[in-house]
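Worksheet for the structure shown next.
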Protein chains: 2
Amino acid sequence: MVEFQTPHLDAVFHALSDPTRRAILHRLSEGEHTISELATPFNMSLAGASKHIKVLEGAGLVRRHVQGRTHFCQLEAARLAEAQQWLRTYERFWTTRLDDLEEILREEDRASARASEQLPPGQSAKKSRSTK
Amino acid sequence: MVEFQTPHLDAVFHALSDPTRRAILHRLSEGEHTISELATPFNMSLAGASKHIKVLEGAGLVRRHVQGRTHFCQLEAARLAEAQQWLRTYERFWTTRLDDLEEILREEDRASARASEQLPPGQSAKKSRSTK
């Protein structure tokens, strides 16, 4: 089970489990921001924002650089790519379900078309979905 | 910031932040298992496994059905699809980086080709990447 011992993913998924941290990442996706700018829309204290930024930094999702007394934050997307890669291994479960649904709809159409062919002349069967 | 108030995602990302829970999901991706079967490879107590299963159930990632005294668990992948959808909005950051890299390599090739054309006859420039 060694492949599941991926401390990056532990920290990344933990960081993403908080709506404020997800919102901070969204703002950083538009460009660099200071911690003060990030705190404002949430009516958060600088200390509160800083705590969230530290979790995001710890997970490798945010990079900080300091100019004088101002701390600038940037999005680091590579670890998000790792998380997406992990989720991708489960993709077949929802794509398979969509494929199944498509096949059910096609089968209904075929059954409807067969019923239409078997009716005596003059009687029309329920129209198939594809001809609607 | 209403779009970030997605309690599903809070619970899903929290559930995924633990390596044992990710490993349990992986086993369930191969098929239904009892809690006892899920506990065995981790040398976990039934109580320990049950606690993890409850977190996964709470996040909507596992469905449980009971036959007599046996609890069977199944993977529920729809919420993983929601998490992937969230991550997809950041995809442009890593795809853009790859596109940038490709453009840099192409520009190097073009510069190398131009240098080659400008050299006096008999002198060869460094070969371009595309002709290696």
Side-chain angles (χ1 to χ4, degrees), chain A residues 1-31 38 40-44 52 55 58-59 61-63 74-98 100, chain B residues 1-31 38 40-44 52 55 58-59 61-63 74-98 100:
Chain A
M1 295 280 166
V2 177
E3 70 270 32
F4 299 104
Q5 303 304 321
T6 42
H8 284 180
L9 284 183
D10 294 9
V12 168
F13 284 132
H14 169 67
L16 298 182
S17 70
D18 182 277
T20 304
R21 288 197 289 268
R22 292 198 300 276
I24 288 174
L25 289 180
H26 184 78
R27 286 205 71 205
L28 292 177
S29 74
E30 297 156 0
L38 291 171
T40 309
F42 304 105
N43 291 321
M44 263 193 302
H52 281 305
V55 175
L61 297 174
V62 160
R63 192 174 48 210
Q74 278 184 322
L75 177 69
E76 279 281 337
R79 294 276 169 85
L80 292 178
E82 285 182 39
Q84 204 198 33
Q85 194 55 40
W86 185 87
L87 283 163
R88 197 162 276 160
T89 60
Y90 294 86
E91 216 164 37
R92 62 191 160 104
F93 288 97
W94 52 90
T95 51
T96 303
R97 191 170 286 187
L98 285 176
D100 287 351
Chain B
M1 295 278 171
V2 176
E3 70 272 31
F4 299 104
Q5 303 305 320
T6 42
H8 284 179
L9 285 182
D10 294 9
V12 168
F13 284 133
H14 169 67
L16 298 182
S17 70
D18 182 278
T20 305
R21 289 197 288 270
R22 291 199 300 276
I24 288 173
L25 288 180
H26 184 77
R27 286 205 71 206
L28 291 177
S29 75
E30 297 157 358
L38 291 171
T40 309
F42 304 105
N43 292 322
M44 262 195 300
H52 280 307
V55 175
L61 297 173
V62 160
R63 191 174 47 209
Q74 279 184 321
L75 177 69
E76 279 280 338
R79 293 275 169 84
L80 292 178
E82 284 182 40
Q84 204 199 32
Q85 194 55 40
W86 185 88
L87 284 163
R88 198 162 277 161
T89 59
Y90 295 87
E91 215 164 37
R92 63 191 159 102
F93 288 97
W94 52 91
T95 51
T96 304
R97 192 169 285 188
L98 285 177
D100 287 351

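The chains referred to below are lettered A, B, ... by the order of the sequence lines, with proteins before strands, and numbering in each begins at 1.
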- Relative to chain A, which segment of B:Arg88 carries a heavy atom at a distance below 4.5 Å: side chain, backbone, both, or neither?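 For B:Arg88, backbone and side chain are both near chain A.
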
- Note on the structure: Here the gap from A:Leu87 atom CG to B:Glu82 atom CD, rounded to the nearest 0.5 Å, amounts to 11.5 Å

- Message: With heavy-atom distances below 4.5 Å as the criterion, would you say the side chains of B:Leu16 and A:Leu16 are in contact?
- Response: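 They are not in contact (no side-chain heavy atoms under 4.5 Å apart), so the answer is no.
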
- Task: Indicate yes or no: at least one non-hydrogen side-chain atom of A:Phe93 is less than 4.5 angstrom from one of B:Leu75.
- Result: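 They are in side-chain contact.
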
- Query: Can you name the closest pair of heavy atoms from A:Ser17 and B:His14 and give their distance?
  - Reply: CB-N, 3.5 Å

- Would you say A:Tyr90's side chain and B:Ala81's backbone share a donor-acceptor pair under 3.5 angstrom?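 No, A:Tyr90 side chain to B:Ala81 backbone: no donor-acceptor pair under 3.5 Å.
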
